[in-house]
Structures are given as C-alpha cells and as structure tokens.
Amino acid sequence: GHLSAANTFTGWQKVFIFACLAVLFVGFTIDPRMTFTILLGVLSAIYLIDVILFGISAFLLFVLFVPASPRFPHPAAL
C-alpha cells in the first residue's frame, strides 16, 4: 500500500503533536507575544543543542577516523 507521512506516526507521536498544537493555540489566544517569545526560545535552544552535538560528533569522528597525514614532506624526502 501507499504510505504517507501521516500514516507512519505512532500513537504517542500523534498525541504529542496534537498537544503541542493545542498549547500553541491556547497560548496565542491568551498572550501572543509571550507565546511567540517562549516558542522562539525553545526553538533556539533546540537548534543550539543540535549545532553543539553535531559539532562535537563531527569533531570526534574526524579525530578518530581520519588518518593523520603530514602537510609538508619530511625533510629527508627532499
């Protein structure tokens, strides 16, 4: 059968997404500016954590798996 992205969510993921959307709807209804400020802070924190973790993992992968090669030839080879 044909699978769409909506059909691949599990039950708890659908509940979580619905709850987040409900909280955003209520928040924007009560105090749009504060809700936007909090939403922006949460998204910025998620992005910052993602960038930090990706940087650390890329650095560790580079250090652990890329062989060290000299940038300049050894003087004896000249």
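Count residues from 1 along the sequence.
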Donor-acceptor pairs under 3.5 Å, side chain of residues 38-57 to any protein atom, not counting sequence neighbours: which ones?
unit_1: S44; atom_1: OG; unit_2: L40; atom_2: O; d: 2.8
unit_1: S57; atom_1: OG; unit_2: L53; atom_2: O; d: 3.0
unit_1: S57; atom_1: OG; unit_2: F54; atom_2: O; d: 3.0

Between side-chain atoms of residues 15-27 and protein atoms elsewhere (two or more places apart, or another chain), which donor-acceptor pairs fall under 3.5 Å?
none

>> Does atom CZ (F28) have a neighbourhood of more than 12 heavy atoms from anything else shown, all under 6.0 Å?
In response: yes

